Structure formats: structure tokens, C-alpha cells
Amino acid sequence: MSGYIKRICDNELELKLEAFGAVHIVGPKWCGKTTTAKQFAKSYIEMQDPDKRDMYMETAKIQPSNLLIGANPRLIDEWQIAPNIWDAVRVSVDRRGEEGLYILTGSNSTDRSSIMHTGTGRIDTLAMYPMSLYETGESNGEVSLSGLF
């Protein structure tokens, strides 16, 4: 993680990867979901890549498990573009029975109508928020809100 500012959520993501087969990172745009996930991922695909999007979408329709092939944890960025990836991840976690296999990042607005299972017990969620002033380096942390009140 050289050159990467360690964020508060990094420890939480690490713990979740040790406990669950997959972690779904959610949060607003530009809060660092993909950047954080890439620090932990051993391989990744970006579903929104314009050069590969059509191929990824076709693969997701025909055999979504092919998108899961790669070193683990495997990051699938913007997975919600092809919601059936969720069930492919869930099934893979069930079959393999291992932790830390996948990281899913994407929008909070996912069409869950085509998802067959919640992923409970297999896919845990990590909510991310914009960085604090301390995390961005705009504060030295000497003054804290809890200290003020």
C-alpha cells in the first residue's frame, strides 16, 4: 500500500475479508470505494471500462462465473451494471467455502429485482463515506469534535 493514505475503513475491510467470502463496498461517488478495494485486490475488472464493457456484459449474461476467474480477492468494480454477478458471487462463495474471495464495489442504486438471494452470511456490506479532513491531510487531528463537546 505504498503511496496510499490508510483510511479508517481499511481495518474494517480487512476484518470483513477475513470473516466473509465477499465484501460489498457501498457509498457515494468519489468516496474512495474503488481506490480502497484495489489496495486489497489481487485482480480486478472494471465493468464500466468502455473497451471491455460489451464483452463483460455478454459474459455476465451467458456465464457470469467466468468474470470471477482471477486471483483472490477479486474486485468487480461497478458490479451493479450486471446484477446477476451478485448471485454468481454468492454461489461461488458457497461452493468454495473460503473467506476473502471477492470485493464488489458500486452504486447504492442497484436493481435488486433480478437478484435471487440476499447473500446473507456470504456477502457483507461496508459503507464508506467521504474522507475526513484528517484523512485528506487538511487537518493534523489536534482538535476533535468529541474534544470540543
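Treat the numbers as computed from the prediction; the structure is a model and nothing was measured. For the numbers below, each heavy atom of this structure counts, side chains included, while hydrogens, waters and symmetry mates do not.
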* Enter the distance from I85:CD1 to L67:CG here, rounded to the nearest 0.5 Å. => 5.0 Å
* To do: Using side-chain hydrogen bond (donor to acceptor under 3.5 Å, both in side chains) as the criterion, list what pairs up with Q63, not counting sequence neighbours.
  => none
* Asked: Quick check: does any side chain N or O of R122 sit under 3.5 Å from a backbone N or O of D94, one acting as donor and the other as acceptor?
  -> no
* **Sequence-distant partners of A127, side chain to side chain contact (heavy atoms under 4.5 Å, CB included), two or more places apart** => V26, Y129
* Calculate, to the nearest 0.5 Å, the distance between atoms CD1 and CD1 belonging to I123 and I103 respectively. => 12.5 Å
* All side-chain hydrogen bond (donor to acceptor under 3.5 Å, both in side chains) counterparts of N66, not counting sequence neighbours -> none
* Sequence neighbours left out, what passes side-chain hydrogen bond (donor to acceptor under 3.5 Å, both in side chains) with T34? Give chain and number order. => D77
* Please report the closest heavy-atom contact between M47 and A82, naming both atoms and the distance. => CE-CB, 3.9 Å
* To do: Ignoring hydrogens and angles, tell me if any N or O in the side chain of K61 forms a donor-acceptor pair with the backbone of Y56 under 3.5 Å.
  => no
* F40 and side-chain contact (heavy atoms from CB on, under 4.5 Å): which partner among D10, L75, V23? -> D10
* Sorted by first residue and then second, give each salt bridge (Lys or Arg N to Asp or Glu O under 4.0 Å) pair with at least one member in residues 40-52; sequence neighbours left out. => K38-E46
* Structure fact -> Hits for side chain to side chain contact (heavy atoms under 4.5 Å, CB included) against R53, two or more places apart or cross-chain, chain-then-number order -> M57, I81
* **Closest non-hydrogen atom pair between N84 and P64, with its separation** => ND2-CG, 3.9 Å
* Structure fact -> When every non-hydrogen atom of A71 is compared with those of S43, the smallest separation belongs to O-OG, 2.6 Å
* **Contacts of D124 that satisfy salt bridge (Lys or Arg N to Asp or Glu O under 4.0 Å) - sequence neighbours left out** => K16
* Look up atom OG in S92 and atom CG in N72, then write down how far apart they are to the nearest 0.5 Å. => 7.5 Å
* **Shortest non-hydrogen contact between A37 and T105, atoms and distance** => CB-CG2, 3.8 Å
* Structure fact -> CD1 (I25) and OG1 (T36) are apart, to the nearest 0.5 Å, by 6.5 Å
* **Donor-acceptor pair between H24 and W79 side chains, under 3.5 angstrom** => yes
* Asked: Does F20 share a hydrophobic cluster with W86, counting links as ILVMFWY side-chain heavy atoms below 4.5 Å and allowing steps through other members?
  -> no
* Asked: If only atom types and distance count, is the side chain of K33 paired as donor or acceptor with the main-chain N or O of G27 below 3.5 Å?
  -> yes
* Asked: Transitively linked via ILVMFWY side-chain contacts under 4.5 Å: L13 with M128?
  -> yes
* **Gap between atom CG of L15 and atom SG of C9 - 0.5 Å precision** => 12.0 Å
* **Smallest separation among heavy atoms of S65 and A88, with atom names** => N-CB, 4.2 Å
* Does atom CD of E142 have more than 12 heavy-atom neighbours from other groups under 6.0 Å away? -> no
* Structure fact -> One should read off an interatomic distance between L17 CG and E99 CD, to the nearest 0.5 angstrom, of 10.0 Å
* Return the set of residues passing side chain to side chain contact (heavy atoms under 4.5 Å, CB included) with E98 (not counting sequence neighbours), or none when no residue passes. => R96, L101
* Which residues satisfy the side-chain hydrogen bond (donor to acceptor under 3.5 Å, both in side chains) test with T125, sequence neighbours excluded? -> none
